[in-house]
Amino acid sequence: MGSTRIQKLLQAAGLGTATLAVAIGMSLAAPAAMAKQVIRISTPAVPEDWHAKMWTVFKDTLEKSAPGEFDVQIHLNAALFKQGTEPAAMARGNLEMSAISAQDISKIVPEFSIFTAGYIIRDPAHQQAVFNGPIGQEAFKPVIQKMEVTPLATAYLGTRQVMLRDIKDVKTPADLKGVKLRMPASKEWLFLGEALGATPTPLAFGEVYLALKTGTIDGQDNPLPSARAAKFYEVSKEIVLTSHLVDGIFLSFATKTFNALTPAQQDKVRAAAQAAAKYNNENRIKDEANDVEQFKAQGLKIVTPDVAAFRKAVQDKYLQSDYAKIWPKGMLERINATK
Ligand code: KDO
């Protein structure tokens, strides 16, 4: 539109050229104000859980290091994307960030399934050493290429324990025979339930409370801080301390969008993700140390099973599976040797 035509329109609307200057000034200023990079985050985590709260740490850290450059939008309770669908949403450009599981990754990068196997990662410190060292660097490469998501930090989700709605006094995998154990809905997760000796039943995290209450399932496995945050103790009677998976989630960014950021922005986003993971890890480890006593005080039966029997059953099951056939040669030994 020519400027004389704009002037005429302004005059017809009873506005002068001063207004025109303001209008032009505004339209010049507008792109800068609109240039904020939106970061949509989706997670199934409930608000009280540390890996939900960590996203606020991410947002605040980024707001301090890059004021006004990002618009971080946090969606909890799987309100934006269903559990497990986040990586595909990120690859399609519909989501910028999520914390994804090893099981999510294994669907596209099968060799990553080594990290879905029970009794491999020993504790949170071992987990950080593995993923922040050369093994992590190697393992994340195909994730970035094939999944188009870039892992930025590893958060400790906690050590998974079995919780049952009725007292069963479970000591060995044989005691879980026929127990409908809810697992997240993917074959990688279901395999873990099977390896524990149970009958795995797929269900999204958000549906577990009601399923325990109504008896659609007999139990579920999760780290105790998450079981507390989601109030599973209200609908459970027994906790079996199997400690079968030292679980991790990977704070990841959609690769295309990440690569389009300036190097300085990439550094700030990575640092914010690491600060968020650190906050989660410290608080979760503290919580986890007290959870057993607290649950006991709340009247739940705490069973210390024959962990060696569970370890043997789970490890044998994985080592004999097709999963193990594609694990990179020597990887298990390297993980075991990582201090
Ligand atoms: C779960 O559904 O049991 C699980 O613990 C799996 C994790 O990978 C993660 O998705 C987690 O749920 C959610 O973040 C809810 O805590």
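Both counts, for ligands and for their atoms, begin at 1 and track the order of listing. Atoms considered below: every heavy atom in the structure, side chains included; atoms not considered: hydrogens, waters and symmetry mates.
In this structure, F131 and F112 have parallel ring planes: the angle between them is below the 30° cut-off, well short of the 60° mark. Ring orientation note: the planes of F232 and F205 are tilted relative to one another, at an angle of 30° to 60°. Taking the six-membered ring where the residue is Trp, Y318 and W327 present parallel rings, their angle staying beneath 30° rather than reaching 60°.
For ligand 1, residues of the protein lying within 4.0 angstrom by heavy-atom distance are P44, A45, H51, Q83, S101, L157, R160, R182, P184, W189, F205, N222.
More than 12 non-hydrogen atoms from other residues, nucleotides or ligands lie less than 6.0 angstrom from NZ of K53.
Tested against D221, the residues R160, Q161, R182 include a single side-chain hydrogen bond (donor to acceptor under 3.5 Å, both in side chains) partner, R160. Between V179 and the choices T199, L164, L196, the side-chain contact (heavy atoms from CB on, under 4.5 Å) rule is met once, by L164.
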